[in-house]
Amino acid sequence: MVTHSEMLASLNCQGEVHLFVGVSPLAYTRAQTVLANGATPIVITHTTEQEKIPRGLVRLEDEKKVKILRRKFDVERDLVTLGREKCGQ
């Protein structure tokens, strides 16, 4: 049986773009962490139903802190046009 332990990492994310694919209650918390560390979160979600997107995340979008793209994730397009340079942008 293989067991896994949690890993703590310290990364300099300032100025980077972090892509979130899909939404959940955890997405808002992660977006706040990304913002607090100087990065820009972009959320891509196939749902267009406003009630399925966490209210806190919508509030951050209203404040122009987070961009939410309501469409399907396109790995070939999105990683090279929205992601950070190391991913091909």
Side-chain angles (χ1 to χ4, degrees):
M1 179 180 192
V2 177
T3 60
H4 298 278
S5 61
E6 294 182 22
M7 182 177 77
L8 179 63
S10 175
L11 305 172
N12 181 359
C13 301
Q14 195 156 11
E16 290 185 348
V17 173
H18 289 228
L19 295 178
F20 293 55
V21 180
V23 291
S24 72
L26 186 57
Y28 171 66
T29 303
R30 288 188 175 164
Q32 285 183 305
T33 302
V34 166
L35 288 166
N37 286 284
T40 303
I42 297 177
V43 178
I44 302 173
T45 178
H46 67 277
T47 185
T48 57
E49 298 176 42
Q50 196 72 6
E51 65 272 4
K52 290 190 177 184
I53 301 172
R55 280 184 281 159
L57 203 54
V58 173
R59 188 175 64 249
L60 290 176
E61 179 187 36
D62 292 342
E63 295 170 358
K64 308 281 190 244
K65 295 178 180 177
V66 172
K67 181 187 279 189
I68 301 176
L69 303 175
R70 291 162 177 85
R71 60 174 174 75
K72 286 189 173 187
F73 177 66
D74 181 338
V75 69
E76 291 180 13
R77 177 181 65 181
D78 293 337
L79 287 181
V80 297
T81 60
L82 300 174
R84 50 186 189 256
E85 289 183 18
K86 291 179 182 177
C87 291
Q89 178 187 9

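Taking a cutoff of 4.0 Å between a charged side-chain nitrogen and a carboxylate oxygen, Arg71 and Asp78 qualify as a salt bridge.
Of all non-hydrogen atoms in Ala39 and Cys13, the two that sit nearest each other are CB-O, 3.4 Å. Considering every non-hydrogen atom in both Ser24 and Pro54, the closest pair reads O-CG, 3.2 Å. Nearest heavy atom pair, residue Leu57 against residue Ala27, reads CD2-CB, 4.0 Å. When all heavy atoms of Ala31 and Pro41 are compared, the closest pair comes out as O-CG, 4.1 Å.
Arg77 CZ: more than 12 foreign heavy atoms inside a 6.0 Å radius. Within a 6.0 Å radius of CD in Gln14, other residues, nucleotides and ligands contribute 12 heavy atoms or fewer.
The distance from the CG atom of Leu69 to the NE2 atom of His46 is 14.5 Å, given to the nearest 0.5 Å. Separating the CZ atom in Arg70 from the NZ atom in Lys52 is a distance of 13.5 Å, to the nearest 0.5 Å. Taken to the nearest 0.5 Å, the OG1 atom of Thr81 stands 8.0 Å off from the CG atom of Asp74. Interatomic distance, CG of Leu19 versus NZ of Lys67, reported as 10.5 Å (0.5 Å rounding). Of the inter-residue distances, the one linking Leu82 atom CG with His18 atom NE2 reads 13.5 Å to the nearest 0.5 angstrom.
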>> Working note: Arg30 + Phe20, criterion side-chain contact (heavy atoms from CB on, under 4.5 Å); need CA distance, chi angles, decisive distance, verdict.
In response: CA-CA 9 Å; Arg30 288 188 175 164; Phe20 293 55; 3.3 Å; yes

>> Please evaluate residues Ile68 and Leu60 with respect to the criterion side-chain contact (heavy atoms from CB on, under 4.5 Å), reporting the C-alpha separation (whole Å), side-chain torsions for both, the decisive distance (0.1 Å), and the verdict.
In response: CA-CA 10 Å; Ile68 301 176; Leu60 290 176; over 6 Å; no

>> Show, in sequence, the C-alpha distance, side-chain angles and deciding distance for Val43 and Val23, and conclude whether the side-chain contact (heavy atoms from CB on, under 4.5 Å) test is met.
In response: CA-CA 8 Å; Val43 178; Val23 291; 3.5 Å; yes

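In this structure, the side chains of Val34 and Thr40 stay at 4.5 Å or more apart for every pair of heavy atoms.
In the hydrophobic clustering of ILVMFWY residues, with side-chain heavy atoms under 4.5 Å counting as a link, Leu26 and Val21 come out apart.
Neither side chain, Arg55 nor Tyr28, offers a donor N or O lying under 3.5 Å from an acceptor on the other.
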